[in-house]
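Input: a single structure, listed below in structure tokens.
Atoms within a ligand are numbered from 1 in the order they appear, just like the ligands themselves.
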Amino acid sequence: MAELLCNPKSLLEARRELQQIIGKGNVVEESDVTRLPYLQAIVKETLRLHPPVPFLLPRKVEADIEIHNFVVPKDAQVLINAWAIGRDPSIWEEPDLFHPERFIGSDIDVKGRNFGLIPFGAGRRICPGLPLAIRMLHLMLGRLIHSFVWELEDGITPESLNMDETYGLILQKAQPLKIIAHSV
Ligand code: HEM
């Protein structure tokens with residue numbers, strides 16, 4: 001929601017898609033999500049820029065291993081920086097911009113097949129809650145956008161909204177988002 005309020009054009013495009021596919025007065029259902037590519041792109045773009053578990057879960061190396069001329073010694077603890085991978089300029093064009101359109105017509109997803117986008121991790125320890133999380137994210141976000149008109153508090157503009165993050169095991173917005181909902 002914070003990225004959408006910072007990027008009103010994306011919010012407008014999401015509303016347009018929902019109005020066209022779901023229609024005024026109808027509520028978004030789980031079964032609608034496959035017909036909402038822009039909503040899906042917003043969720044991917046948000047997870048790219050703001051992975052909730054920025055370093056995934058720590059791994060421990062079982063035996064010395066050489067990767068790209070670096071030796072990672074047995075018993076080393078390895079953290080994978082999914083946050084930095086999501087903003088790597090060698091993978092993503094204009095990586096710091098919120099630009100959901102980059103996923104339109106692309107088959108990149110968050111299911112651990114594309115190592116440039118791993119907000120749920122990958123491999124044997126990939127998040128087992130992924131299917132539930134993905135369903136809930138689309139449903140909640142779709143309903144929030146379709147059922148209300150959102151605006152920033154008085155005196156706050158998209159440019160001045162504080163988007164700082166705090167890091168720990170979980171990535172959070174440093175300042176809670178305060179926005180006003182109007183019924184449609
Ligand atoms: C947006 C929502 C979520 C995100 C971004 C997320 C992300 C992650 C990540 C990055 C990992 C570590 C994967 C790795 O290190 O390779 C993880 C592990 C895990 N997640 Fe999630 N998760 C989410 C929601 C959920 C939900 C809804 C559940 C349960 C209902 C869940 C249960 C777990 C469990 C049990 C693990 C540990 C798996 C293991 O170590 O074998 N997660 N999650």
Side-chain angles (χ1 to χ4, degrees), residues 1-7 10-11 14 17-18 28-34 36-65 67-68 70 72-88 91-92 95-100 102-104 106-148 150 163-177 179:
M1 289 301 291
E3 282 291 4
L4 288 175
L5 281 137
C6 278
N7 294 277
S10 298
L11 180 54
E17 180 182 72
L18 286 158
V28 181
E29 300 294 345
E30 246 183 82
S31 54
D32 298 319
V33 171
T34 49
L36 298 167
Y38 198 75
L39 182 70
Q40 292 178 44
I42 288 174
V43 169
K44 285 181 190 171
E45 184 67 339
T46 306
L47 290 170
R48 179 184 73 81
L49 284 169
H50 312 286
V53 192
F55 295 108
L56 309 185
L57 293 183
R59 264 88 175 154
K60 197 169 171 185
V61 178
E62 285 182 340
D64 288 3
I65 181 168
I67 303 174
H68 294 298
F70 291 99
V72 188
K74 181 175 181 297
D75 290 336
Q77 194 180 64
V78 177
L79 296 176
I80 295 158
N81 192 340
W83 187 94
I85 293 172
R87 292 170 186 246
D88 184 340
I91 306 175
W92 304 102
D96 294 329
L97 291 189
F98 182 81
H99 190 56
R102 71 176 82 238
F103 291 109
I104 300 292
S106 144
D107 57 6
I108 295 179
D109 67 27
V110 292
K111 296 180 185 158
R113 292 181 288 215
N114 305 102
F115 293 144
L117 187 66
I118 48 166
F120 293 95
R124 268 191 295 181
R125 301 303 291 271
I126 192 169
C127 173
L130 186 155
L132 176 65
I134 284 293
R135 280 164 187 235
M136 289 302 110
L137 288 174
H138 291 112
L139 194 60
M140 284 189 298
L141 186 63
R143 286 191 178 183
L144 286 176
I145 298 171
H146 191 51
S147 306
F148 301 95
W150 294 95
M163 291 294 283
D164 289 350
E165 298 175 313
T166 56
Y167 295 82
L169 182 59
I170 303 292
L171 185 74
Q172 295 182 19
K173 248 182 123 293
Q175 303 282 327
L177 178 67
I179 49 176

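For atom 12 (C) of ligand 1, the nearest protein heavy atom (residue, atom name, distance) is Leu57 CG, 3.6 Å. From the protein, the heavy atom lying nearest to atom 41 (O) of ligand 1 is Arg125 NE, 2.7 Å. In this structure, atom 14 (C) of ligand 1 lies nearest to the protein heavy atom Arg59 NH1, 3.2 Å. In this structure, atom 10 (C) of ligand 1 lies nearest to the protein heavy atom Pro119 O, 3.2 Å. Protein heavy atom in closest approach to atom 30 (C) of ligand 1: Leu132 CD2, 3.8 Å.
At least one side-chain heavy atom of Leu141 sits less than 4.5 Å from a side-chain heavy atom of Leu4. Annotation: side chain of Ser10 is in contact with side chain of Phe98 (closest heavy-atom distance under 4.5 Å).
When heavy-atom distances to ligand 1 are checked against a 4.0 Å cut-off, Ala122 comes that close only through its backbone atoms N, CA, C and O.
The two residues Leu49 and Glu165 have their closest heavy-atom pair at O-OE2, 4.1 Å. Closest approach of Met163 to Ala2, counting heavy atoms only: SD-CB, 3.8 Å. The two residues Ile104 and Pro37 come nearest to each other via the heavy atoms CD1-O, 3.9 Å.
Judged by distance alone, with hydrogens and angles left aside, the side-chain atoms of Arg48 form a donor-acceptor pair with the main-chain N or O of Pro95 at under 3.5 Å.
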### Query
Taking it one step at a time, do Gln40 and Glu45 satisfy side chain to side chain contact (heavy atoms under 4.5 Å, CB included)?
CA-CA 9 Å; Gln40 292 178 44; Glu45 184 67 339; over 6 Å; no
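Atoms of ligand 1 lying under 4.0 Å from any heavy atom of Pro52, numbered from 1 in the order shown and given with element: 5 (C).
Protein N/O/S atoms found under 2.8 Å from atom 21 (Fe) of ligand 1, listed by chain and residue number: Cys127 SG.
For Phe115, the CZ atom sits in a loose shell: 12 or fewer heavy atoms of surrounding residues, nucleotides or ligands are nearer than 6.0 Å.
Residues forming a salt bridge (Lys or Arg N to Asp or Glu O under 4.0 Å) with Asp109 (at least two apart in sequence, or on another chain): Arg113.
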